[in-house]
Undergrad: 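Here it is: the structure, laid out below.
Worth saying up front: this structure is predicted, and the values here are computed from it rather than measured. The chains referred to below are lettered A, B, ... by the order of the sequence lines, with proteins before strands, and numbering in each begins at 1.
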Amino acid sequence: MTLLGRLTWQAIPFHEPLPLFSGLGVLITVVAILAWVVAKGYVPYLWREWITSVDHKRIGVMYCILASVMLLRGFIDAIMMRTQQVMAYDAPGFLPPSHFDQVFSAHGTIMIFFVAMPFVIGLMNLVVPLQLGVRDVAFPTLNSVSFWLTAAGALLVNLSLVIGEFDRMGWLPYPPLSELRYSPGVGVDYYCWSLQISGVGTLMTGINFVTTILKLRAPGMHYTRMPMFCWTALASNLLIVAAFPVLTATLAMLLLDRYVGFHFFTDTAGGNSMMFMNLIWAWGHPEVYILALPAFGIYSEVVSTFSCKPLFGYRSMIYATMAICIISFMVWLHHFFTMGAGADVNSIFGIASMIIAVPTGVKIFNWLFTMYGGYVRFRTPMLWSIGFIVTFAIGGLTGVLLAVPPADFQLHNSLFLVAHFHNVIIGAVIFGAFAGYTYWFPKAFGFVLDERLGKWAFWLWLIGFWVAWGPGYVLGLEGMTRRLQHYDVAEWHPWLVVAEGGVVIILLGIIAQIAQIVVSVRTREQRRDVTGDPWDGRNLEWATASPPPAFNFAVLPDVTDQEPYWDMKARAREIGQLTRPEPRYEPIHMPRNSPTGFVTAFLAVVTGFALIWHIWWLVLLGLAGAYATFVVFAWRDHDEELIPAEEVARIDRANRAARSAALQHRQLRRETQRESAE
Amino acid sequence: MSSNREDFDEFDLGSHVGEEHVAGEAPPGARHPTLGSELRSYIIGLALAAALTAASFWSLDEHVIYGPGIVMALIVFGLAQVGVHLVFFLHLTTSPDNTNNALALAFGVLIVSLVFFGSIWVMSHMNQNMMPARALLEMRGG
């Protein structure tokens with residue numbers, strides 16, 4: 001046993017130029033950014049206002065930034081795979097098999113765990129407390145720990161690029177291939193430990209948000225007055241609490257197999273490798289809805305706001321959401337119909353998979369009927385929503401097709417399947433994340449994103465998606481299986497060239513999104529959201545300033561309607577002044593910032609890295625450090641800060657004045673219009 | 001009635017969740033527990049839990065219960081133990097402010113049963129239909 005365990009210089013890929021130089025490039029970029037931050041003297045500001053922040057809005061923004069950076073990484077993987085498959089017709093291509101396998105595994109892992117999850121959780125963080133009309137989540141410091149643990153997992157995955165290797169058997173490491181005998185390297189360990197660490201963070205987020213939504217709501221906000229996004233967030237977090245322990249337990253069993261010679265999944269010694277498939281999908285299918293439900297909530301908010309109408313069928317939407325929440329736990333076998341559980345089992349799970357399409361269909365009709373007869377404004381978030389409805393309906397149909405076991409036996413593991421899940425995950429989750437990002441960006445930062453570039457990004461993404469994944473369906477029907485490093489079927493080649501073209505179009509879409517941020521930041525003074533309500537919104541997040549003060553609401557709003565802010569606005573417009581007279585301002589206690597999350601996550605990275613490389617002394621050191629951090633946090637004397645009443649008054653008066661002015665302006669305009677009409 | 005509101009009070013996060021009753025006020029009909037009544041409930045719980053534990057060991061004696069019924073008896077004692085813990089130690093009641101806890105328990109039981117019994121059902125069907133992996137490996141000469 002050596003001091004550094006399995007870690008030697010051989011872990012650094014000196015003989016493979018591609019990972020070495022891409023790794024070096026990333027390293028140089030990160031060092032350059034850090035150097036720039038230090039040189040500009042931003043470190044104290046970042047530490048005080050962001051890294052140690054327990055403010056749900058800041059944490060939400062950091063989640064979204066993490067997701068966006070990881071989206072770029074995952075997208076680079078996608079370009080590499082598509083390019084390899086264009087080049088590898090009767091040729092070796094530019095990626096050797098071992099590298100290609102790591103690329104598709106990393107792509108899937110990153111896109112699900114470190115893009116889709118953090119984006120969705122980030123938007124929930126930003127919006128749910130505001131929509132509920134409260135000041136923060138139930139456990140603010142825990143929230144910070146959750147975020148930093150997710151970031152720790154992402155860091156470990158990316159570390160595998162330079163030190164060692166990543167898992168080579170896809171985004172779910174199926175045994176027996178993932179067992180020690182067939183995968184002796186560190187790839188599977190990188191996968192397992194990064195997901196165990198980020199999984200703890202996700203589970204704590206789930207607990208935090210379930211508690212927040214059930215226990216912290218503005219006075220008068222009954223369950224049937226909660227905005228649809230809060231309902232879907234509740235369902236999603238219930239699923240997190242129920243499903244993530246299954247993932248943790250399954251990966252723990254695989255780790256026990258690999259580290260201490262257990263035989264949960266080794267067929268030769270009394271284990272059962274199919275049990276891994278069964279358990280991982282018992283988590284994996286709910287996971288699909290953990291991602292999709294909040295996206296459905298975003299569409300509900302956006303469609304209703306930009307159709308200038310209340311959401312059609314609010315109660316049926318709640319029933320549909322909760323039905324999906326339960327049924328999502330009854331369909332997991334459709335991911336492995338071909339395992340051989342027989343016709344009885346397959347037909348029951350097939351029928352359940354078709355049934356879950358019913359509440360989803362209810363939702364689609366509700367969005368359509370919300371638009372029907374409404375005054376639809378085609379702003380960027382609305383475009384993403386309409387693009388979603390069309391794309392997702394098709395993706396859902398191919399899903400129902402795959403739910404038919406005999407059809408699935410033909411299409412299992414083909415590109416048809418891959419096209420289907422990209423169709424629903426990009427079409428629902430990623431489009432939803434972008435709709436929510438554009439919709440709530442002014443709330444988070446106080447200025448509206450550039451509309452023209454936003455529309456460019458939308459059309460490039462939509463067209464790019466269909467050009468990239470339309471051919472996938474054809475290829476699947478032509479018999480092409482997934483994850484092929486090279487092939488010799490001439491008919492496939494043209495379709496793969498078309499798919500590569502689609503990826504290029506999506507790349508242009510991403511460039512448009514980056515340009516949108518740059519242009520919007522530069523011209524932010526012209527695009528300020530002064531009133532805090534840029535879209536004529538309907539829920540409480542628009543009742544406070546943009547960006548909201550740390551305490552969100554000077555006085556908690558009184559909810560008397562299903563659309564609380566629309567109700568307030570309607571009454572204010574009737575009487576021509578704000579509904580509430582200026583309240584008596586009181587000092588507000590807010591939780592104090594804490595470095596606990598950051599320190600814990602740093603120690604989690606150390607522990608995870610040490611576990612991967614079998615550096616046992618460092619494991620003990622990391623765990624002891626994390627426990628010490630917890631002890632220091634638990635024994636803190638000073639855990640909250642007081643925002644004085646004068647400060648609260650100053651901030652709230654400014655917002656009241658802006659809203660009053662907007663109201664007067666509107667009345668004035670109405671009167672002029674009426675006079676000119678007469 | 002110790003409502004959860006008090007736990008959040010120090011942060012003043014705005015925890016005025018109350019469907020009908022005003023925050024801070026106990027729901028109508030709720031009794032305020034005294035030290036004596038709480039102590040009594042814990043002692044009853046402890047006694048029941050200990051009795052159930054003792055009963056499981058006692059039932060193992062083959063002369064007491066019909067032999068093949070022992071497993072069933074142990075399951076019953078185990079479930080009763082869960083119930084005792086929930087009622088006396090985790091304070092699950094039927095009062096209105098406990099609806100969330102009851103629903104959370106119901107949801108948890110539902111999901112655990114789905115995954116647990118579902119897995120057993122799926123895997124037993126697979127074992128019936130497919131050659132066991134070990135036999136397959138041996139047949140291949142592995």
Side-chain angles (χ1 to χ4, degrees), chain A residues 129 132-138 140 176 210-212 214-223 238-239 241-243 246 267-275 278-279 282-283 286 325-326 329-330 332-333 336 339-346 349 551-553 556 586 588-591 639-640, chain B residues 2-25 97-142:
Chain A
L132 293 175
V134 293
R135 299 207 164 112
D136 208 324
V137 292
V210 170
T211 316
T212 305
L214 294 184
K215 288 288 175 190
L216 299 183
R217 276 172 278 132
M221 185 172 280
H222 305 185
Y223 284 123
L238 283 171
L239 285 176
V241 173
V246 181
D267 293 309
T268 45
N272 193 336
S273 58
M274 293 317 289
M275 197 61 191
N278 179 65
L279 288 177
W283 158 81
C325 181
I326 303 287
F329 261 103
M330 302 183 194
W332 76 90
L333 185 119
F336 47 100
M339 174 177 84
D344 294 356
V345 174
N346 282 2
F349 277 95
F551 48 82
N552 291 353
F553 300 95
L556 294 186
E586 281 171 26
I588 295 174
H589 289 278
M590 288 305 290
D639 60 1
E640 57 185 46
Chain B
S2 73
S3 81
N4 290 332
R5 164 144 170 73
E6 280 158 30
D7 303 339
F8 301 116
D9 224 18
E10 54 179 323
F11 284 142
D12 192 18
L13 293 175
S15 53
H16 302 279
V17 180
E19 296 285 318
E20 298 307 331
H21 66 272
V22 180
E25 270 179 27
D97 66 334
N98 235 309
T99 322
N100 281 339
N101 291 344
L103 277 177
L105 179 69
F107 180 70
V109 168
L110 174 71
I111 299 301
V112 170
S113 330
L114 280 174
V115 173
F116 184 79
F117 293 108
S119 297
I120 290 176
W121 182 56
V122 166
M123 297 309 282
S124 67
H125 272 256
M126 186 195 70
N127 285 344
Q128 262 170 34
N129 286 307
M130 309 297 281
M131 185 182 276
R134 201 164 183 184
L136 192 72
L137 290 169
E138 274 160 14
M139 193 179 73
R140 282 184 190 152

Undergrad: Looking only at heavy atoms and a cut-off of under 4.5 Å, which of Val112(B), Asn100(B), Val115(B), Leu110(B) has the most pairs with chain A?
TA: Asn100(B)

Undergrad: Within the structure provided, determine whether Met275(A) and Ser119(B) are in side-chain contact (heavy-atom separation under 4.5 Å).
TA: yes

Undergrad: Below 4.5 Å, heavy atoms only, C-beta onward: do Asn278(A) and Phe336(A) meet side chain to side chain?
TA: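 Asn278(A) vs Phe336(A): side chains touch.
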
Undergrad: Do you know the tightest heavy-atom contact between Leu216(A) and Asp136(A)?
TA: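 For Leu216(A) versus Asp136(A), the nearest heavy atoms are CD1-O, 3.7 Å.
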
Undergrad: Does any heavy atom of chain B fall under 4.5 Å from the side chain of Phe551(A), the backbone, both, or neither of them?
TA: neither

Undergrad: Is there a side-chain contact between Met126(B) and Met274(A), using heavy atoms and a 4.5 Å cut-off?
TA: yes

Undergrad: Val345(A), Asn552(A), Asp344(A): which one forms the most heavy-atom pairs within less than 4.5 Å of chain B?
TA: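 Heavy-atom pairs under 4.5 Å are most numerous for Val345(A).
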
Undergrad: Using heavy-atom distances under 4.5 Å, tell me whether Leu132(A) contacts chain B through its side chain, its backbone, both, or neither.
TA: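 Leu132(A) has no heavy atom closer than 4.5 Å to chain B.
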
Undergrad: I'd like to know if the side chain of Thr212(A) reaches the main chain of Ala138(A), judged simply by a donor and an acceptor atom lying under 3.5 Å from each other, with no hydrogens or angles considered.
TA: yes

Undergrad: Using non-hydrogen atoms only, which part of Ile111(B) is less than 4.5 Å away from chain A: side chain, backbone, both, or neither?
TA: side chain

